[in-house]
Undergrad: 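This structure is in structure tokens; I'll ask about it shortly.
Residue numbering restarts at 1 for every chain, and letters A, B, ... go by the order of the sequence lines. Just so it is clear, the model here is predicted, and its values are computed rather than measured.
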Protein chains: 4
Amino acid sequence: MNKDAAATRLLLVGAARRRFAFDGYRATTVRDIAADAGVNVALINRYFVSKEGLFRACLDRAAGGLQPDIRNLDRVLDDLVDHVVSSPTDEDSMQLLLLVRSTGDDRVDVIRRETLRHHAERLTAAAVPDRAGSPDDALLVRAQIALSVVLGMTMMRTATRVEPLASADEALLRAPLRAALHALLVL
Amino acid sequence: MNKDAAATRLLLVGAARRRFAFDGYRATTVRDIAADAGVNVALINRYFVSKEGLFRACLDRAAGGLQPDIRNLDRVLDDLVDHVVSSPTDEDSMQLLLLVRSTGDDRVDVIRRETLRHHAERLTAAAVPDRAGSPDDALLVRAQIALSVVLGMTMMRTATRVEPLASADEALLRAPLRAALHALLVL
Amino acid sequence: MNKDAAATRLLLVGAARRRFAFDGYRATTVRDIAADAGVNVALINRYFVSKEGLFRACLDRAAGGLQPDIRNLDRVLDDLVDHVVSSPTDEDSMQLLLLVRSTGDDRVDVIRRETLRHHAERLTAAAVPDRAGSPDDALLVRAQIALSVVLGMTMMRTATRVEPLASADEALLRAPLRAALHALLVL
Amino acid sequence: MNKDAAATRLLLVGAARRRFAFDGYRATTVRDIAADAGVNVALINRYFVSKEGLFRACLDRAAGGLQPDIRNLDRVLDDLVDHVVSSPTDEDSMQLLLLVRSTGDDRVDVIRRETLRHHAERLTAAAVPDRAGSPDDALLVRAQIALSVVLGMTMMRTATRVEPLASADEALLRAPLRAALHALLVL
DNA sequence: AATGAATGAGGTTTCATTCAT
DNA sequence: GATGAATGAAACCTCATTCAT
């Protein structure tokens with residue numbers, strides 16, 4: 001019995017992120033999460049009020065990752081590629097998946113969409129620094145397509161687990177992925 | 001009160017495809033599907049044994065779509081692009097989404113993965129006709145990344161509905177999407 | 001297995017009225033009610049949406065009873081007395097108890113209070129027919145005190161079961177009860 | 001952080017009486033009581049073993065109130081009337097309510113019934129002093145009906161809050177209430 | 001003595017499925 | 001063949017209580 005509340009919360013959020021990202025919101029039960037975290041189910045409600053509250057907490061942390069705040073487009077592309085190639089193993093790789101997992105609650109949906117839009121705006125800022133303030137739709141669409149690539153691949157590799165993509169070596173992934181992103185973001 | 005069994009089955013599969021693709025497997029209830037189809041709930045079990053059986057029937061039909069059986073790579077790329085731009089409105093646009101919706105049943109998962117792999121092989125065949133019989137992993141990976149692009153965008157447009165991507169005009173989508181696919185499949 | 005929906009609803013409402021009146025809203029579980037009615041628990045939600053919906057349905061029926069729509073005050077007093085003396089055995093005797101059982105839901109509380117007030121107004125109309133339209137507070141208070149007597153005794157006899165009151169013979173109850181009501185309503 | 005155990009107990013019993021009387025036993029949570037008392041929840045179990053133990057402690061104190069140990073019937077009637085008119089505000093007014101709040105535990109029920117019966121006997125002693133030792137059922141029933149009046153009105157005024165009764169002025173209540181009690185207890 | 005963390009039992013509700021007409 | 005009724009399993013959540021500090 002661990003008597004550290006903060007640690008327990010982290011345990012729960014960690015377990016929840018994995019389950020939500022991998023199995024989807026509806027398919028994961030709070031008992032699954034609690035079992036993974038090794039704590040009692042009731043603590044989910046105690047600390048996060050509801051299953052949805054726990055999901056929201058996962059989103060909050062997820063919003064932190066995938067932050068390309070550098071002005072160097074090359075570095076940004078590298079980050080995106082890194083994000084994908086590390087996907088089945090890395091902790092952060094599930095953050096993007098969380099953003100497409102629906103809970104059925106409208107307020108959560110709004111947060112999800114805003115977060116995704118925010119990421120896209122950051123990408124456009126990196127791609128066309130001089131027009132950073134007011135990106136037009138054409139640019140945003142390109143950025144969001146780029147995010148779609150990352151998202152689609154992460155799904156295929158982690159959730160759907162299609163071979164050979166899922167267990168493909170880093171060497172096989174980097175070149176084509178970078179080519180695709182390059183075609184989208186470098187004008 | 002439709003006395004034509006075959007027609008009822010079609011009605012159910014149609015409604016189920018929409019629901020499964022859009023809301024996910026767990027989030028859609030058989031009552032939703034039956035209501036959409038305008039038939040009695042019990043008929044789902046009568047005709048498809050179980051909810052999972054209905055999903056399997058949707059997969060069977062889904063496997064039929066997205067068949068690039070032409071040897072012309074240009075046409076194939078056009079088909080993929082068409083698939084995406086028609087996504088929120090078109091009936092067939094949800095077929096790919098079905099392939100990433102998990103049911104929790106392992107046997108269904110196998111079918112899903114095989115279908116996706118099959119699609120990838122067809123894509124490689126179109127890309128490199130002379131090596132059609134035995135594609136190497138590098139080619140398959142490229143094809144699956146291409147599918148990931150289509151898949152990721154379809155999710156963003158239909159399920160997640162991120163703007164401006166979701167309601168972007170065809171004119172804004174075609175060029176970047178085609179560029180990305182070109183970078184992936186044309187060597 | 002009874003396949004008559006209307007009959008099942010009646011069964012449930014009947015069992016619920018007894019339980020709610022006797023044990024109180026919070027103390028009665030939907031499983032208790034379903035067991036008493038001899039039907040499956042899920043039917044409560046099917047037919048009445050929620051436990052609270054079932055309670056509301058009980059209130060609706062309860063509102064029908066205890067209707068002294070006769071202009072003869074003597075008859076009205078007799079009715080009230082009858083209501084009390086029949087209390088532990090009679091079906092209708094629990095209707096007044098329902099009106100003081102709180103659910104915690106504010107909307108239900110409003111209904112309860114309105115129903116009680118409505119009963120009081122009817123009583124005043126019987127007591128002072130010529131001022132039926134606009135009873136003043138003094139009259140309403142007297143009527144509500146009379147209702148309190150009926151209510152208090154019903155509680156004591158059915159829920160609390162204090163002896164000798166609970167099993168007191170009709171002969172012992174009528175005279176004092178009627179005297180009290182007379183003192184309240186006959187000016 | 002009160003270091004005085006006795007004071008903490010009083011705080012808890014006070015808060016519990018209010019909650020139990022007003023909301024009922026099942027509807028009040030031990031956390032509510034602890035919060036009202038401003039102490040930690042675990043102390044309820046520490047000092048009173050269980051929620052039921054706390055209720056029992058409330059009953060013990062409640063038994064002390066409403067003691068018409070005077071031989072003057074007029075004074076006794078005044079006390080009863082006072083008890084009712086002071087009901088929404090006064091601390092002691094909830095003591096009678098406690099006596100009709102069931103916990104579901106049979107042993108507690110016995111205590112409750114005995115306490116109520118005891119009160120009735122005291123009333124008969126005041127009404128007919130010469131037969132104080134062995135009251136017959138007819139007298140006890142009259143006394144218990146009188147208690148029912150007080151109880152019913154207290155419920156209507158505090159728990160159900162029916163208007164105009166709940167906020168009726170003392171002047172409007174005294175006369176009819178005394179008339180009813182007089183009809184019951186003065187032979 | 002007091003507190004916050006943790007637990008387990010039990011409550012309501014949802015939902016896929018089966019039964020009977 | 002089709003329908004509404006009925007069922008049981010399981011999900012989320014609440015809450016009294018116990019544990020460890």
Undergrad: Are Thr8(A) and dA6(E) close enough that a side-chain N or O sits under 4.0 Å from OP1 or OP2?
TA: yes

Undergrad: Answer yes or no: is there a side-chain heavy-atom contact under 4.5 Å between Leu98(C) and Phe55(C)?
TA: yes

Undergrad: Just how far, in rounded Å, is C1' of dT13(E) from CG of Asp32(C)?
TA: 16 Å

Undergrad: Looking at the side chain of Lys51(A), which of dC15(F), dT13(E), dC12(F) is the nearest nucleotide?
TA: dC12(F)

Undergrad: Which nucleotide in the set dC15(F), dC13(F), dG11(E) lies at the smallest distance from any side-chain heavy atom of Ser50(A)?
TA: dC13(F)

Undergrad: Under a 4.5 Å cut-off applied to non-hydrogen side-chain atoms, are Arg56(D) and Arg107(D) in contact?
TA: yes

Undergrad: How many whole angstroms separate atom CD1 of Ile33(A) from atom P of dC13(F)?
TA: 10 Å

Undergrad: Which is true for Phe48(D) with a 4.0 Å heavy-atom rule: it touches a base, it touches only sugar-phosphate, or it touches nothing?
TA: nothing

Undergrad: Taking only N and O in the side chain of Arg31(A), is any of them less than 4.0 Å away from OP1 or OP2 of dA11(F)?
TA: no

Undergrad: Side chain of Asn45(B) only, heavy atoms from C-beta on: which candidate in dT7(E), dT12(E), dT18(E) is closest?
TA: dT18(E)

Undergrad: Distance to the ring centre below 6.0 angstrom and angle to the axis at most 45 degrees; does that hold for Lys51(C) and Tyr25(C)?
TA: yes

Undergrad: Applying a 4.0 Å non-hydrogen cut-off, can you work out what Ala42(C) is touching in the nucleic acid: base, sugar-phosphate, or nothing?
TA: base

Undergrad: Counting only Watson-Crick or G-U wobble pairs whose two distances fall under 3.5 Å, which nucleotide matches dA20(F)?
TA: dT3(E)

Undergrad: Testing the basics here: between Asn40(A) and Ala42(A), what is the closest heavy-atom pair and its distance to 0.1 Å?
TA: OD1-N, 2.8 Å

Undergrad: Identify, between Ala5(A) and Val41(C), the residue whose nearest nucleotide on DNA chain E lies closer to the 5' end.
TA: Ala5(A)

Undergrad: If you assign each of Ile44(A) and Tyr47(C) to its closest nucleotide in DNA chain F, which residue comes earlier from the 5' end?
TA: Tyr47(C)

Undergrad: Identify which nucleotide among dT7(E), dC15(E), dA5(E) has an atom closest to any side-chain atom of Val39(A), counting heavy atoms from C-beta outward.
TA: dT7(E)

Undergrad: Which residue lies toward the 5' end of DNA chain F, Tyr25(A) or Ala27(D), if each is placed at its nearest nucleotide?
TA: Tyr25(A)

Undergrad: Which nucleotide sits closest to the side chain of Asn40(D): dC15(E), dT3(E), dA6(E)?
TA: dT3(E)

Undergrad: Send over the distance from Arg19(A) CZ to dC12(F) P, rounded to a whole Å.
TA: 12 Å

Undergrad: Would you kindly check if the NZ (Lys) or CZ (Arg) of Arg9(D) is within the cone defined by 45 degrees around the ring axis of Phe48(D) and under 6.0 Å from the six-membered ring centre?
TA: yes

Undergrad: Just the rounded figure in Å: distance from C1' of dA5(E) to CG of Leu43(D).
TA: 15 Å

